Asker: 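To start, I am sharing the structure in question, which I have written as structure tokens.
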Amino acid sequence: VRMQGAAKLAADRGEPGRINPQYLAAELGRALDPEDILLNESIRSSPAVSAQIPRTRPGTLIGLAGGGLGSSGGMALGVKLAHPERTVVQVTGDGVFYFCNPEAVYATSKQYRLPIFTVVFDNSGWAAVKEATLRMYPEGEAKAAREYQALLAPDMNFAKVAEAAGAYGEQLTDPGQVAAAIQRCLKEVRGGRSALLHAKVTPL
């Protein structure tokens with residue numbers, strides 16, 4: 001029943017620039033091997049990742065270890081160092097990606113030959129800020145104006161951050177290209193080079 005429910009949620013691929021996170025996670029789940037290690041710090045997309053990427057082997061899923069955000073970048077490098085033979089996949093939101101200090105993550109990845117695969121579920125802002133505002137002021141001025149002070153720079157291309165350190169980077173807006181983009185990234189990672197897939201999902 002759970003698998004049927006997950007499949008139903010992933011059936012809608014979304015639209016250009018608004019990829020359904022459930023669909024993106026489902027395609028990622030299909031592409032991963034049972035022994036691949038997933039670090040999930042996607043926050044608002046965590047339910048999609050949990051539903052669509054079941055991990056059945058011990059030690060193949062790492063979630064939030066505490067209250068702070070941005071730990072998954074360094075953790076991914078540490079996991080790869082401990083398990084050089086395994087593919088390590090870091091899944092984040094766009095807000096968390098900023099907190100990961102990505103320049104340092106990819107510089108370290110290159111210097112010490114620790115290839116990781118990062119997938120950024122970019123919903124263009126801080127969903128937690130919007131939700132907190134609506135909880136406090138459900139009919140307030142922020143709702144009336146649809147302005148929650150929660151948006152992040154809309155034209156950022158996180159793939160370029162990875163490319164600056166010699167990694168493979170790709171920005172993804174077309175739902176029809178999800179599966180192929182994931183395969184391109186995994187090919188690079190399994191060949192010894194870090195990869196980042198910046199996916200524009202349904203905005204907050």
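As the structure is a prediction and not an experimental result, all values here were calculated from the model. The chain is numbered in sequence order, starting from 1.
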Asker: Minimum heavy-atom separation for Ala107 and Ala165, please, with both atom names.
Answerer: N-CB, 4.0 Å

Asker: Quick check: is Leu38 connected to Leu114 through a chain of hydrophobic side chains (ILVMFWY, heavy atoms under 4.5 Å apart)?
Answerer: no

Asker: Rounded to the nearest 0.5 Å, how far apart are CD of Glu147 and NZ of Lys130?
Answerer: 11.0 Å

Asker: Kindly indicate, with the supporting measurements, whether the criterion ring pair (Phe, Tyr, Trp, His ring centres under 6.0 Å) is fulfilled by Tyr98 and Phe158.
Answerer: CA-CA 9 Å; Tyr98 283 109; Phe158 299 135; 5.4 Å; yes

Asker: Within the 4.5 Å heavy-atom criterion, are Pro138 and Lys143 side-chain neighbours or not?
Answerer: no

Asker: Nearest heavy-atom pair of Ala199 and Leu24: which atoms, and what distance?
Answerer: CB-CD2, 3.6 Å

Asker: If you measure from CD on Glu131 to OG1 on Thr133, what distance do you get to the nearest 0.5 Å?
Answerer: 10.0 Å

Asker: Between Val119 and Gln90, is a side-chain contact (heavy atoms from CB on, under 4.5 Å) present by the stated rule, with each step listed?
Answerer: CA-CA 6 Å; Val119 182; Gln90 172 203 12; over 6 Å; no

Asker: Between the side chain of Arg2 and the main-chain N/O of Ala51, is any donor-acceptor distance below 3.5 Å?
Answerer: yes

Asker: Identify the heavy atoms of Gly192 and Pro115 that sit nearest to each other, and give their distance.
Answerer: C-CB, 3.7 Å

Asker: If every non-hydrogen atom of Arg55 is compared with every non-hydrogen atom of Leu32, which pair is closest and at what distance?
Answerer: NH2-CB, 3.9 Å

Asker: Can you get from Phe97 to Val49 by hopping between Ile, Leu, Val, Met, Phe, Trp and Tyr side chains that sit under 4.5 Å apart?
Answerer: no

Asker: Tell me every residue that passes ring-ring contact (aromatic ring centres under 6.0 Å, His included) with Tyr23, counting only those two or more places apart in sequence or in another chain.
Answerer: none

Asker: Do Val201 and Leu9 belong to the same hydrophobic cluster, where Ile, Leu, Val, Met, Phe, Trp and Tyr are linked whenever their side-chain heavy atoms lie under 4.5 Å apart, directly or via other members?
Answerer: no

Asker: Do Ser72 and Thr92 have side-chain N/O donor and acceptor atoms under 3.5 Å apart?
Answerer: no

Asker: Once rounded to the nearest 0.5 Å, what's the spacing between atom OH of Tyr168 and atom CG of Leu196?
Answerer: 11.0 Å

Asker: So which of Ile116, Val105, Leu77 actually passes side-chain contact (heavy atoms from CB on, under 4.5 Å) with Ser194?
Answerer: Ile116

Asker: Identify the two heavy atoms, one from Asp94 and one from Leu152, that lie closest to each other, and give their separation to 0.1 Å.
Answerer: OD2-CD1, 3.5 Å

Asker: Tell me, do Ile182 and Leu197 make a side-chain contact under 4.5 Å, heavy atoms counted?
Answerer: yes

Asker: For Tyr106, what residues pass the ring-ring contact (aromatic ring centres under 6.0 Å, His included) criterion, not counting sequence neighbours?
Answerer: none

Asker: Between Ile43 and Phe121, is there a shared hydrophobic cluster once you connect ILVMFWY residues whose side-chain heavy atoms come closer than 4.5 Å?
Answerer: no

Asker: Identify the heavy atoms of Met156 and Gln171 that sit nearest to each other, and give their distance.
Answerer: O-NE2, 3.4 Å

Asker: Measure the OG1-CG distance between Thr60 and Leu39 for me, rounded to the nearest 0.5 Å.
Answerer: 10.5 Å

Asker: Please walk me through it: do Ile19 and Lys200 pass side-chain contact (heavy atoms from CB on, under 4.5 Å)?
Answerer: CA-CA 6 Å; Ile19 299 168; Lys200 302 288 282 186; 5.5 Å; no

Asker: Are the side chains of Asn123 and Ser45 in touch, meaning some heavy atoms are under 4.5 Å apart?
Answerer: no

Asker: Hey, mind stepping through Leu28 and Gln52 against side-chain contact (heavy atoms from CB on, under 4.5 Å) and telling me if it holds?
Answerer: CA-CA 8 Å; Leu28 180 59; Gln52 304 293 344; over 6 Å; no

Asker: In Å, rounded to the nearest 0.5 Å, how long is the span from OH of Tyr148 to CZ of Arg146?
Answerer: 7.0 Å

Asker: Hey, any chance Trp126 and Met136 share a hydrophobic cluster, counting ILVMFWY side chains that come within less than 4.5 Å of each other, even indirectly?
Answerer: no

Asker: Going by an N to O cut-off under 4.0 Å, is there a salt bridge joining Glu188 and Arg184?
Answerer: no

Asker: Is Leu204 close to Arg44 at the side-chain level, that is, under 4.5 Å between some pair of heavy atoms?
Answerer: no

Asker: Treating Glu41 as the side-chain partner and Leu69 as the backbone partner, does any N or O pair qualify as donor plus acceptor under 3.5 Å?
Answerer: no

Asker: Atom CD in Glu163, atom CD in Glu170: separation rounded to 0.5 Å?
Answerer: 9.5 Å

Asker: Asn20 side chain to Gln22 main-chain N or O, any donor-acceptor pair under 3.5 Å?
Answerer: yes

Asker: Could Asp36 and Arg190 be called an ion pair, given the rule that one side-chain N must be under 4.0 Å from one carboxylate O?
Answerer: yes

Asker: Using side-chain contact (heavy atoms from CB on, under 4.5 Å), reason through Ile37 and Arg86 one step at a time and then give a plain yes or no.
Answerer: CA-CA 7 Å; Ile37 300 174; Arg86 310 270 283 278; 3.7 Å; yes

